[in-house]
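No experiment lies behind these values; they were computed from the predicted model shown. Numbered from 1 within each chain, the chains take letters A, B, ... in sequence-line order. Quick note: numbers below take in every heavy atom, side chains included, and nothing from hydrogens, waters or symmetry partners.
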2 protein chains.
Amino acid sequence: MKAPIPSATVARLPRYLRCLADMSTVSSQCSSEHIAEGAGVTAAQVRKDLSFLGSHGTRGVGYDIDELMVQIKAVLGMTKTFRVVVVGAGNLGSAITNYRGFETWGFEIVAVVDNDSNKIGSAIDGFTVEAFASLGSIVAERAVQIGIIATPPAAAQLVADELTAAGVRSILNLAPIVLKTGDEVSVRRVDLSTELGILAYHLSQP
Amino acid sequence: MKAPIPSATVARLPRYLRCLADMSTVSSQCSSEHIAEGAGVTAAQVRKDLSFLGSHGTRGVGYDIDELMVQIKAVLGMTKTFRVVVVGAGNLGSAITNYRGFETWGFEIVAVVDNDSNKIGSAIDGFTVEAFASLGSIVAERAVQIGIIATPPAAAQLVADELTAAGVRSILNLAPIVLKTGDEVSVRRVDLSTELGILAYHLSQP
DNA sequence: TAGATTGTTAATCGATTAACAATC
DNA sequence: TAGATTGTTAATCGATTAACAATC
């Protein structure tokens, strides 16, 4: 029986991991208090979250940093790698393609595609931009598992449909639009525009 | 007595607004059901959220799209504009500077700075990259209100300190690190790396 | 009036916090 | 043993959902 980890806890695990990585250079042990400080949450929150992974701490002592990192990595599925296609070679797509953080999580970009003939054939971070029309064959031949949508919002749904048709079952959507997909496709969204809206709200508060 | 709007509601308002903007081209009225579909939430959720803004709907009819947009814009503070400095002219900083979504929320980029002498003087989207050392005078002379941190994580805290010292009271932090700032500074974080971690978790689930 | 849809209530659900026994 | 810190419980808090009276 796999323990179901609450989504709020999952969302904090990557932060704990980064925090542990920072601490691992100076120590081998840490307390929930240490992690809490680095991650910007309470110590009780940290202990509660880590309890979902099982008991890996030692009472009176704390957690072994390396061991805890291994546990978190296992839970987050960082033992696997995933092949990614980036759709959209504009500013956002370029930034994503250049982003070094992907390797950390086991994401390997295998193609960058666009439907703009001016961009096709140009180079981005060592990748040659390929035609959007080739998406199906690229997905099939390179066993692409994840599609990142970095297109203007108007194109995003079409891209999602094409990715789905090609057999991709996981999408990271950076376009500020809610995609309509079947239940077999899991979509996550990162929406800078919405974040700016929230920021604007807080700024306008007295 | 200003009604305190729950943070979860605030986070959804920008999405409702975009959704309403899309619908406004084809209709002048809409129901909570329509908004819910476009925003990917339940109709009950929409009505509950909108109730915090006051009663702007008509029972049996729905909401007037234009009027509702005005209400949401007012609540989100979109009647104001904010001057922004982008710190970091790397890939992320460039993508941010090129991002057209800023104007929507009243954010006006007035400077892009970096501490890399190779980047200083180069052009990004019409801006000439200026020296990080000039941050203080730039903030003062151009009345900068918001700092966007688009640097590597190792530099982010220093940048935050400098922004704070220069008098900036709002920071959007794109670096994957928790900033330590005084209570007078409000920080929001957008962390692509954490999002990738969450995505990896969901991908590795059966 | 009949049909539709809001605004609001109460119930449910899930997440956070505080406290402390367990135990190194 | 004394001090420290975990793991877990119970209480609290906040957000979501379902239902429906109000009312256009």
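- In this model, the phosphate group of C:dG7 is not approached by any side-chain N or O of B:Arg47 to a distance below 4.0 Å at OP1 or OP2.
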Apply side chain to side chain contact (heavy atoms under 4.5 Å, CB included) to A:Phe107 and A:Ile146, showing your working. CA-CA 9 Å; A:Phe107 297 109; A:Ile146 304 174; 3.1 Å; yes
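- At the phosphate of C:dT16, OP1 or OP2 sits under 4.0 Å from a side-chain N or O atom of A:Arg12.
- No engagement by B:His34 is indicated, since no non-hydrogen atom pair under 4.0 Å with the nucleic acid exists.
- Proximity of B:Ser7 to the phosphate of D:dA15: a side-chain N or O atom is located under 4.0 Å from OP1 or OP2.
- In this structure, C:dC13 and D:dG14 make a Watson-Crick or G-U wobble pair, each of the two defining distances being under 3.5 angstrom.
- Distance from the side chain of A:Ser31 is smallest for D:dT5 among the nucleotides C:dT16, D:dT23, D:dT5.
- When side chains are defined from C-beta on, A:Asn91 does not count as touching B:Tyr99, because their heavy atoms never get closer than 4.5 Å.
- Atom-to-atom, CD of B:Gln29 to C1' of D:dC24 comes out at 11 Å; the value is rounded to the nearest Å.
- Distance CZ (B:Phe52) to P (D:dG14): 12 Å, rounded to an integer number of Å.
- Taking side-chain N and O atoms only, A:Ser32 has no distance below 4.0 Å to OP1 or OP2 of D:dG7.
- Residue A:Glu33 places its CD atom among 12 or fewer non-hydrogen atoms of other residues, nucleotides or ligands, all under 6.0 Å distant.
- When each of A:Thr58 and A:Ala44 is assigned the nucleotide of DNA chain C with its nearest heavy atom, A:Ala44 is the one assigned upstream, toward the 5' end.
- Side-chain contact between B:Leu53 and B:Ile5 is present, with heavy atoms from C-beta onward closer than 4.5 Å.
- In this structure, B:Ile35 places its CD1 atom 11 Å from C1' of C:dT6, rounding to the nearest Å.
- For A:Glu37, the CD atom counts as loosely surrounded, since its 6.0 Å shell holds 12 or fewer non-hydrogen atoms of other residues, nucleotides or ligands.
- Contact check of residues 186-199 of chain A against DNA chain C (heavy atom, cut-off under 4.0 Å) returns no residues at all.
- The NZ-P distance, from B:Lys48 to C:dA11, rounds to 14 Å in whole Å.
- Enclosure of atom CD in A:Glu103 by more than 12 non-hydrogen atoms of other residues, nucleotides or ligands within 6.0 angstrom is indicated.
- With a cut-off of 3.5 Å on both Watson-Crick or G-U wobble distances, the partner of D:dT5 is given as C:dA22.
- Remark: the B:Arg59 side chain and the D:dT23 base include no donor-acceptor N/O pair separated by less than 3.5 Å.
- Of all heavy-atom pairs spanning A:Ser32 and A:Arg47, the tightest one is OG-NH1, 3.0 Å.
- Summarising the geometry, the separation between CG on A:Leu50 and P on D:dG7 is reported as 8 Å, rounded to the nearest angstrom.
- Contact annotation: A:Gln45 does not reach the phosphate of C:dA15 (side-chain N/O to OP1 or OP2, under 4.0 Å).
- Remark: P of C:dT6 and OH of B:Tyr16 are 13 Å apart, rounded to the nearest angstrom.
- Per the geometry, CG belonging to A:Leu53 stands 14 Å off P belonging to D:dT6, to the nearest Å.
- Listed nucleotides: C:dT16, C:dT17, D:dA15. Nearest to the side chain of A:Thr42: C:dT17.
- Of all heavy-atom pairs between A:Gly62 and A:Gln29, the closest is C-OE1, 4.1 Å.
- When rounded to the nearest whole Å, the span between CG of B:Leu13 and P of D:dA15 equals 13 Å.
- For the OP1/OP2 pair of C:dC24 and a distance below 4.0 Å, the side-chain nitrogens and oxygens of A:Tyr63 include no atom meeting the criterion.
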